[in-house]
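In what follows, a structure is listed as structure tokens, so that the remarks can point back to it.
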2 protein chains.
Amino acid sequence: MSPRAGLDTHTLVIAAADIADEQGIEAVTLAALAAKLGVRSPSLYNHINGLQGLRTLLAIYGLEQLYTMMSAAVEGVSGDIAVHAMSQAYVDFARSRPGLYETTLRAPELENVPLELAGNLILSLMIHALKAYDLGEEGELHAIRGLRSILHGFTSLEHKGGFGMPLDANISLSRLISTFIAGIGNMKDVGKG
Amino acid sequence: MSPRAGLDTHTLVIAAADIADEQGIEAVTLAALAAKLGVRSPSLYNHINGLQGLRTLLAIYGLEQLYTMMSAAVEGVSGDIAVHAMSQAYVDFARSRPGLYETTLRAPELENVPLELAGNLILSLMIHALKAYDLGEEGELHAIRGLRSILHGFTSLEHKGGFGMPLDANISLSRLISTFIAGIGNMKDVGKG
DNA sequence: AATATAAACTAATGTAATTAGTTTTGCAAT
DNA sequence: ATTGCAAAACTAATTACATTAGTTTATATT
């Protein structure tokens with residue numbers, strides 16, 4: 001299987017995502033990836049720009065997958081239902097692809113155009129869903145920050161086993177989103193500073 | 001300075017926390033720590049249980065410091081004010097000691113008694129602050145999860161530069177907490193499932 | 001002063017990322 | 001079909017780090 005393994009960038013990213021999901025993000029090394037693909041690690045450099053490059057590609061891939069899930073979830077719904085659906089999709093994605101999700105947060109290069117693009121897609125999805133609440137320009141931005149904080153924080157804590165109690169996490173999430181929506185008037189530009 | 005540098009475990013942890021804050025958590029290596037302390041890296045093993053042991057100690061130290069700040073913040077206040085104050089203290093701590101804060105989340109050993117203890121102190125502080133809202137037993141647990149998600153998520157996103165917009169983050173936080181409090185009735189056991 | 005212990009050291013091993021330089025393959029153009 | 005080239009794989013070597021084993025040395029206690 002040695003000569004011409006027929007690799008390409010996408011194959012590497014898929015395989016690396018698998019490793020991340022199965023063995024954790026720490027296990028995503030070029031050595032492990034090369035072994036999984038039946039190749040020596042320097043060969044990977046023909047397709048990716050080192051470990052850092054791979055991590056950036058993983059982040060982009062993860063964001064794209066996340067966007068796909070969230071986008072499907074809000075298809076044809078709006079208002080509170082859309083916010084709940086989007087949130088549930090976010091958390092479900094992180095649960096089903098824990099390693100891949102984590103790569104979206106450890107992106108080494110902040111100024112990577114495709115990475116920013118993928119992030120902006122998700123952002124615009126959230127913005128669209130929050131339009132229903134008439135928060136004003138700044139209010140909307142604060143609300144986005146809030147929702148992102150909630151989703152990322154919840155996901156992150158759940159992943160690291162931070163929710164020790166035997167209490168249904170989906171209920172926790174659902175109530176948290178309901179809480180957020182119920183109080184969302186506090187995000188408005190007027191009436192609060 | 002070679003013979004008998006006079007190190008001890010606490011000195012190592014302090015120095016490692018400095019590295020984490022100044023150069024990021026990735027820079028916390030035994031090699032770097034040893035260099036900073038004027039010692040060869042194997043010498044560190046007299047005081048810590050390898051890199052993993054150091055990380056656990058860092059996490060404990062970070063949680064203790066965080067607890068100290070939060071605890072001071074709620075001194076003598078209660079209700080909404082306490083929740084706001086505690087939240088602000090949490091975020092301020094993460095801002096002032098970004099590396100140390102991050103170590104509290106990457107704890108390798110989940111079943112470490114002192115680590116759990118330090119975490120439980122913070123938890124009990126939150127529980128106490130939320131007593132004011134009469135949420136019931138389960139409601140309280142869901143609310144704790146919610147507040148932790150918010151604080152960790154907000155902190156984490158801010159740290160990674162996720163809040164691109166030129167919009168005051170303290171206002172975002174304040175509104176998020178107000179939103180949470182305003183809707184907290186949704187955490188109650190009755191009236192929602 | 002003698003000694004035991006703990007703290008430092010040197011030396012060595014294993015893993016990983018990365019670079020340089022080489023071989024080989026497959027396709028494209030003749 | 002043959003030639004030639006670019007890409008994809010390789011080997012070899014370097015660097016950095018964690019870790020272990022075994023040695024030396026300082027210091028506190030007797």
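By convention in this document, chain letters (A, B, ...) are assigned in the order of the sequence lines, proteins followed by strands, and residues within each chain are numbered from 1. Side chains included, hydrogens not; waters and symmetry mates left out as well; all remaining heavy atoms used.
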Per the under-4.0 Å heavy-atom filter, residues of residues 42-51 of chain A near DNA chain C come out as Pro42(A), Tyr45(A), Gly50(A), Leu51(A)
Between side-chain atoms of residues 14-39 of chain B and protein atoms elsewhere (two or more places apart, or another chain), which donor-acceptor pairs fall under 3.5 Å?
| residue | atom | partner | partner atom | Å |
| --- | --- | --- | --- | --- |
| Asp21(B) | OD1 | Gly99(B) | N | 2.8 |
| Asp21(B) | OD1 | Leu100(B) | N | 2.9 |
| Asp21(B) | OD2 | Arg97(B) | NE | 2.7 |
| Asp21(B) | OD2 | Arg97(B) | NH2 | 2.6 |
| Thr29(B) | OG1 | Ala32(B) | N | 2.9 |

Per the under-4.0 Å heavy-atom filter, residues of residues 20-32 of chain B near DNA chain C come out as none
Check your understanding: Salt bridge between Arg175(B) and Asp168(B), side-chain N to carboxylate O under 4.0 Å?
Key -> no
Here the distance between atom C1' of dA17(C) and atom CD of Gln52(A), to the nearest Å, is 12 Å
Note to self: Is Arg40(B) close enough to dT10(C) that one of its side-chain N or O atoms is under 4.0 Å from OP1 or OP2 there?
What the structure shows: yes
The ring-ring contact (aromatic ring centres under 6.0 Å, His included) partners of His142(A) (sequence neighbours excluded) come to none
Ranking dC10(D), dT19(D), dC9(C) by distance to the side chain of Val39(A), first place goes to dC10(D)
Taken to the nearest whole Å, CG/Leu54(A) to P/dA16(C) is 15 Å
Sorted by chain and number, sequence neighbours left out, salt bridge (Lys or Arg N to Asp or Glu O under 4.0 Å) with Asp134(A) holds for none
Please tabulate, for side-chain N and O atoms in residues 42-49 of chain A, each donor-acceptor pair with protein atoms closer than 3.5 Å (sequence neighbours left out).
| residue | atom | partner | partner atom | Å |
| --- | --- | --- | --- | --- |
| Ser43(A) | OG | Arg40(A) | O | 3.2 |
| Asn46(A) | ND2 | Ser43(A) | O | 3.4 |

Hits for side-chain contact (heavy atoms from CB on, under 4.5 Å) against Ala82(A), two or more places apart or cross-chain, chain-then-number order -> Val74(A), Val77(A)
May I have the list of side-chain donor-acceptor pairs in residues 120-131 of chain B shorter than 3.5 Å, sequence neighbours left out?
| residue | atom | partner | partner atom | Å |
| --- | --- | --- | --- | --- |
| Asn120(B) | ND2 | Glu116(B) | O | 3.3 |
| Ser124(B) | OG | Asn120(B) | O | 3.3 |
| Ser124(B) | OG | Leu121(B) | O | 2.7 |
| Lys131(B) | NZ | Glu140(B) | OE1 | 3.2 |
| Lys131(B) | NZ | Glu140(B) | OE2 | 3.0 |

Rounded to whole Å, the CG-P distance (Leu7(A) to dG26(C)) equals 13 Å
Pair up each side-chain donor or acceptor in residues 52-73 of chain B with any protein partner under 3.5 Å, not counting sequence neighbours, and list the distances.
| residue | atom | partner | partner atom | Å |
| --- | --- | --- | --- | --- |
| Thr56(B) | OG1 | Gln52(B) | O | 3.2 |
| Thr56(B) | OG1 | Glu109(B) | OE2 | 2.8 |
| Thr68(B) | OG1 | Glu64(B) | O | 2.9 |

